Amino acid sequence: MNKPIVLSGIRSTGHLHLGNYYGALRNFVDMQNDYDCRYFIADYHSLTTQPDPSVLNPNVRSILAEYLAAGMDPDKCIVYVQSDVPETCEFYTLLNMHAYLGELEKTVSFKDKARKQPNNVNAGLLTYPVLMAADILQHKANFVPVGKDQLQHLEMARNFANRFNHFYKTDFMVEPKPYEAKGEPIKIPGLDGSGKMGKSEGNCIYINDEDAVVIKKFKKAVTDMTPTEPNSEMNEPIKNLFYFLKLVSAPEVYDQFLAAWNDCSIRYGDLKMQIAEDVLKVTRPIRERYNEIYANADYLNKVREQGAEKARAIVRKNVEEMRQLMGFRKF
Ligand code: TYM
């Protein structure tokens, strides 16, 4: 039986941060054995906010090296760069004909970016969710591992798929579901007290940060007065630290800190160091492998070409089917 298809992507706007890792990639080492996994680097998408030719290539190269350093195995899954599969652009163009201005303008990410970059509200920004849907639907992906912030985009991809199937009376498009290994979708908070960790928020802990940098960033995390009443409500910055602790530390460690919170003996310095140490257990080995992989251009090019070839073969076939359905045929 065919394995379910998993598609995952990260925009190439710098290094991987903990939000990317825990939101989208956390389970991929196991997943690549059980699913038909395709992981790509969204460099077209990066142009909606950062159209800078001098950083495009190094940014793609870093993420590719980080994927590989984190354990992505190009012999078990397809690893590719979005722009190496230009068929995506045709899929996107065709899908655009069934995406409406009203729904695109209402997208949270569009409104957010339009506010942040008022001098560059480009059409790519508006149709960002269509390109993302094309990335997914062109693979007929069953699952997409994403953090909470991308759920709306995924919902739109499902809508586009349904609309297309309905319009052309077909079951060509597969409705993608968010992949949740265990329960809740993840939202990695920033350490500045509120909101998510993100590149545009400027509050990231990068997979590639040195130990001392990670520790310093955690030490600076916003906290509050220690509780004076047993079993008090936590405010947002403390809830965020406990969220991190639950994600990265052993359950008994979490229970110890929760008990210390409840009996008011908690020391925030200890809590932060515990999380930093447990994060480093994950990121340190990736960082150590990264430099060597990044330096090896021949290897990276080989992986990239191999991935592009496999992805193009799949996508080309699906775009051709889409063209046929939409009426592009020989006389
Ligand atoms: P991007 O590059 O912003 O983020 C990549 C992935 O990381 C997740 N993520 C987070 N998860 C939890 N907490 C956070 N603080 C956090 N920050 C980022 C995102 O949810 C995402 O899963 N539009 C996508 C890239 C993309 C894509 C796709 C993803 C393009 N086409 C097709 C999946 C499928 C984006 O900007 O992600």
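Order of appearance sets the numbers: ligands from 1, and atoms from 1 within every ligand. Quick note: residue numbers are just sequence positions, from 1. The model shown is predicted, which means the values in this text are computed figures rather than measured ones.
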List the atom pairs, donor and acceptor, that lie under 3.5 Å between side-chain atoms in residues 223-234 and the rest of the protein, sequence neighbours left out.
{"unit_1": "D224", "atom_1": "OD2", "unit_2": "N235", "atom_2": "ND2", "d": "2.3"}
{"unit_1": "S232", "atom_1": "OG", "unit_2": "E229", "atom_2": "O", "d": "2.5"}

Atom indices of ligand 1 within 4.0 angstrom of [X] heavy atoms, with elements:
X    : value
D149 : 9 (N), 10 (C), 11 (N), 18 (C), 19 (C), 20 (O)
H45  : 30 (C), 31 (N)
L7   : 32 (C), 34 (C)
V146 : 20 (O), 22 (O)

Nearest candidate to atom 9 (N) of ligand 1, where distance is taken over non-hydrogen atoms, out of G19, A141, G23
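The residue whose heavy atom sits nearest atom 9 (N) of ligand 1 is G19.
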
* Kindly identify the option in R38, M197, E201, R11 whose heavy atom sits closest to atom 15 (N) of ligand 1. =>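 Among R38, M197, E201, R11, the closest heavy atom to atom 15 (N) of ligand 1 belongs to M197.
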
Look at the rings of Y80 and H139 and say which category their plane angle falls in: under 30° parallel, 30 to 60° tilted, over 60° perpendicular.
->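 The arrangement is tilted - the two ring planes meet at 30° to 60°.
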
Under 30°, 30 to 60°, or over 60°: which ring-plane class applies to Y206 and H15, parallel, tilted or perpendicular?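 Perpendicular.
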
When you measure from [atom] to every protein heavy atom, which one gives the shortest distance, and what is it?
atom                    : answer
atom 18 (C) of ligand 1 : N20 ND2, 3.5 Å
atom 26 (C) of ligand 1 : M132 SD, 3.9 Å
atom 33 (C) of ligand 1 : G9 N, 3.5 Å
atom 12 (C) of ligand 1 : I186 O, 3.3 Å
atom 35 (C) of ligand 1 : Y128 OH, 3.4 Å
atom 31 (N) of ligand 1 : D135 OD2, 2.7 Å

Before giving the answer on side-chain hydrogen bond (donor to acceptor under 3.5 Å, both in side chains), spell out for Q324 and E320 the whole-Å C-alpha distance, their side-chain angles and the decisive distance to 0.1 Å. CA-CA 6 Å; Q324 294 285 327; E320 186 46 43; 3.0 Å; yes

Evaluate the criterion salt bridge (charged side-chain N to carboxylate O under 4.0 Å, His left out) for residue pair E175 and K140; output intermediate values, then yes/no. CA-CA 8 Å; E175 265 191 65; K140 303 195 181 206; over 6 Å; no

Using a heavy-atom cut-off of under 4.0 Å, does the side chain or the backbone of [X] touch ligand 1, or both, or neither?
X    : result
F40  : side chain
Y22  : neither
I136 : side chain
H17  : side chain
V144 : side chain

So is [X] polar-close to ligand 1, meaning N/O to N/O under 3.5 Å?
X    : answer
I188 : yes
K196 : no
S8   : no
Q150 : yes
H153 : no
K187 : no
G147 : yes

What's the spacing between S54 OG and N59 CG if we round to 0.5 Å?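 One gets 9.0 Å once the value is rounded to the nearest 0.5 Å.
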
Would you give the length of the straight line joining atom CZ of F160 to atom CG of N96, rounded to the nearest 0.5 angstrom?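 Rounded to the nearest 0.5 Å, the CZ-CG separation comes out at 8.0 Å.
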
Self-check item: Residue pair Y67 / L25: nearest heavy atoms and the distance that separates them
Solution: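 That would be CE2-CD1, 3.8 Å.
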
>> Testing the 3.5 Å rule here: is there a donor-acceptor pair between the side chains of N296 and E292?
In response: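 No, no side-chain donor-acceptor contact under 3.5 Å.
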
Could you tell me if T127 and Y92 have a donor-acceptor pair between their side chains, going purely by distance under 3.5 Å?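 Side-chain D/A pair, Y92 to T127: present.
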
- Query: Can the positive tip of R61 be found less than 6.0 Å from the middle of the six-membered ring of Y294, inside 45° of the ring normal?
  - Reply: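 Verdict for Y294: a cation-pi partner in R61.
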
Measure from NZ or CZ of K272 to the centre of the six-membered ring of F218, then state whether that distance is under 6.0 Å and the direction lies within 45° of the axis.
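No - K272 does not lie over the ring of F218 by the 6.0 Å and 45° rule.
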
Item to check | V282 side chain near Y22 side chain, heavy-atom distance below 4.5 Å | outcome: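 Yes, close enough: below the 4.5 Å cut-off.
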
Ring centroid separation H98 to F167 under 6.0 Å
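Yes: the rings meet the under 6.0 Å criterion.
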
Worksheet item: Step by step, would you call N142 with K177 a side-chain hydrogen bond (donor to acceptor under 3.5 Å, both in side chains)?
Response: CA-CA 6 Å; N142 303 99; K177 295 193 188 66; over 6 Å; no

Is ligand 1 less than 4.0 angstrom away from at least one heavy atom of Y21?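 Flag not set, Y21 not near ligand 1.
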
